[in-house]
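Atoms within a ligand are numbered from 1 in the order they appear, just like the ligands themselves.
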Amino acid sequence: MTQPAGIRPYNFSAGPAAMPEAVLQRAAADMLDWNGSGMGVMEMSHRGKEFGAIATQAEADLRHLLAVPANFHILFMQGGGLAENAIVPMNLSRGAVADFVVSGSWSAKSQKEALRYCDARVIASNAADHFTRLPDAAGWKLSADAAYVHICSNETIHGLEYHTLPDLAALGSKAPLVIDFSSHVASRSVDWQRVGLAFGGAQKNLGPAGLTIVIVRDDLLGHALEICPSAFNYKTVADNQSMFNTPPTWGIYVAGLTFQWLRQQREGDLTGVAAMEHRNIAKADFLYGYIDASDFYENRISTECRSRMNVPFFLKDESRNDAFLAGARAAGLLQLKGHKSVGGMRASIYNAMPMAGVQALVSYMREFEKSHA
Ligand SMILES: *Cc1c(COP(=O)(O)O)cnc(C)c1O
């Protein structure tokens, strides 16, 4: 490790991913004794007043950060994004029709899983474009009777992101929009006017694996299929303030620390998620700008839908991949290998990645190019 002592390497993992160092330090300091209670958070009853205060604060901070309107519930659940691929259709589809826009691996998985519970239709796909651009909303074949329309608003593996959410009402649909925002939650604001339900695992941008966040409009509660497990019935979870069963208490606590960290972030006059969005745009622009200007590296995603969070890139000479990764590790730049289904490299630059980390990556890429061109 060529990093100076005391400085952690930059971690570009797609998830579970790097967390803000201040959050990790605080969690470590509280490990044996939270707030003078004599207990660590992992050792507390979820029904006690100590954990109650932690959960209430976490929910309030998340509501504030994402400007979640009052007619939406915030649920803290278990199961991750993949479980939600079943839980959403069990709660929303009524066993009838649901529409899916396939824009990469994650939305493709969602549609496939939903087929077990409803008539899950692919109404648009970019598979023929090799997942390099988003299917144009004007061409979506929306079903007249769909219970909901599902998109993955940031495709973590292929590196595509919706920079505006589709306005289903303007497209003539009354169906609520469901977004899988696992890998860009809290990196940018959400237009709740256009959303009925958003879900995401915490382990990309919020905290440890094991916590799943669901934000759901009130009118979508109470329509679950008979077969839906009680612990996954959104109405049951909502009626019990996410404590129908034991919630992932440690995950809620650490995500809550991240929410407080996010609320403290500043960029000029901007705070919280707006500050993060500003920073995330600058980070992504810097990295894509370098890749585009280089003859040595490339990113194949159409410029208007490139993800700010997950940047897949390729060395034009792929025989140098192993040398690139070994050199990166030695320079303190971790987990840059691309997903096995795409190959190449992937730099995930979530909220916890500072601009300095992206600059260190670009410096390394430049050096590697110079010595191998
Ligand atoms: C990581 C990820 C998931 C899967 O989450 P699990 O917690 O592994 O179930 C789902 N959707 C997206 C967009 C993801 O990035």
Side-chain angles (χ1 to χ4, degrees), residues 11-19 66 75-91 98 100-114 116-117 120 125-126 131 134-135 148-163 165-166 177-188 190 195 197-216 229 231-232 247-248 250-252 254-255 258 280 284 301 305-312 335 337-342 346-353:
N11 180 351
F12 296 88
S13 172
M19 309 231 317
L66 294 182
L75 310 179
F76 294 137
M77 300 179 65
Q78 311 207 34
L82 287 186
E84 289 302 324
N85 286 343
I87 297 169
V88 172
M90 280 196 284
N91 277 277
F100 288 78
V101 178
V102 170
S103 56
S105 302
W106 289 114
S107 47
K109 272 194 182 157
S110 299
Q111 186 266 339
K112 209 166 158 231
E113 182 74 5
R116 303 164 65 132
Y117 304 99
S125 167
N126 60 353
F131 307 108
L134 289 170
Y148 66 94
V149 178
H150 175 112
I151 65 169
C152 177
S153 48
N154 185 64
E155 287 280 5
T156 322
I157 292 175
H158 287 93
L160 290 89
E161 182 170 9
Y162 286 80
H163 292 297
L165 292 175
L177 180 70
V178 170
I179 64 172
D180 174 357
F181 69 170
S182 295
S183 52
H184 71 165
V185 54
S187 72
R188 60 187 306 151
V190 176
V195 173
L197 183 149
F199 71 82
Q203 72 270 25
K204 313 293 166 57
N205 221 0
L206 299 179
L211 167 64
T212 311
I213 294 200
V214 177
I215 303 180
V216 55
F232 290 157
W250 174 252
I252 292 169
V254 178
T258 305
N280 288 327
I301 306 303
C305 57
R306 284 172 166 178
S307 171
R308 293 172 187 161
M309 297 283 99
N310 310 100
V311 182
Q335 307 205 68
K337 193 174 162 99
H339 190 272
K340 60 184 185 302
S341 67
V342 172
R346 174 173 49 168
S348 294
I349 50 175
Y350 298 120
N351 283 343
M353 177 62 64

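Here is the list of ligand 1 atoms found below 4.0 Å of a heavy atom in Thr156: 12 (C), 13 (C), 14 (C), 15 (O). Within ligand 1, the atoms closer than 4.0 Å to a non-hydrogen atom of Ser183 are 15 (O), numbered from 1 in the order shown.
Atom 10 (C) of ligand 1 has its closest protein heavy atom at Trp106 CE3, 3.4 Å. Looking at atom 5 (O) of ligand 1, its nearest protein heavy atom turns out to be Gly81 N, 3.5 Å. From the protein, the heavy atom lying nearest to atom 9 (O) of ligand 1 is Leu82 N, 2.8 Å.
At a 3.5 angstrom cut-off on N or O pairs, Asn154 does not count as close to ligand 1. Backbone and side-chain nitrogen or oxygen atoms of Ala83 are examined, and none is located within less than 3.5 angstrom of a nitrogen or oxygen of ligand 1. Residue Gly201 places no N or O, backbone or side chain, under 3.5 Å from any N or O of ligand 1.
Within the 3.5 Å criterion, the main-chain N or O of Phe232 finds a donor-acceptor partner in the side chain of Asn91. Between the side chain of Thr258 and the backbone N or O of Leu206 there is at least one donor-acceptor pair closer than 3.5 Å.
Applying the side-chain hydrogen bond (donor to acceptor under 3.5 Å, both in side chains) test between Ser107 and each of Lys112, Glu155, His158 identifies Glu155 as the sole match.
Under the 3.5 Å distance criterion, with hydrogens and angles disregarded, no donor-acceptor pair is assigned to the side chains of Ser187 and Asn351. A donor-acceptor contact closer than 3.5 angstrom is absent between the side chains of Ser13 and Asn11. In the model, Tyr350 has a side-chain atom that pairs as donor or acceptor with a side-chain atom of Asn310 under 3.5 Å. For the residue pair His184/Ser153, the side-chain donor-acceptor check at 3.5 Å is satisfied.
Closest heavy-atom approach to atom 12 (C) of ligand 1 among the candidates Asp180, Val185, Ile179, Asn205: Asp180. Relative to atom 1 (C) of ligand 1, the option among Lys109, Glu155, Lys204, Glu84 with the closest non-hydrogen atom is Lys204.
In this structure, CD on Gln111 lies 9.5 Å from NE2 on His150, to the nearest 0.5 angstrom.
Under a 4.0 angstrom heavy-atom cut-off, Gln203 registers as being in contact with ligand 1. The shortest heavy-atom distance from Cys152 to ligand 1 is under 4.0 Å.
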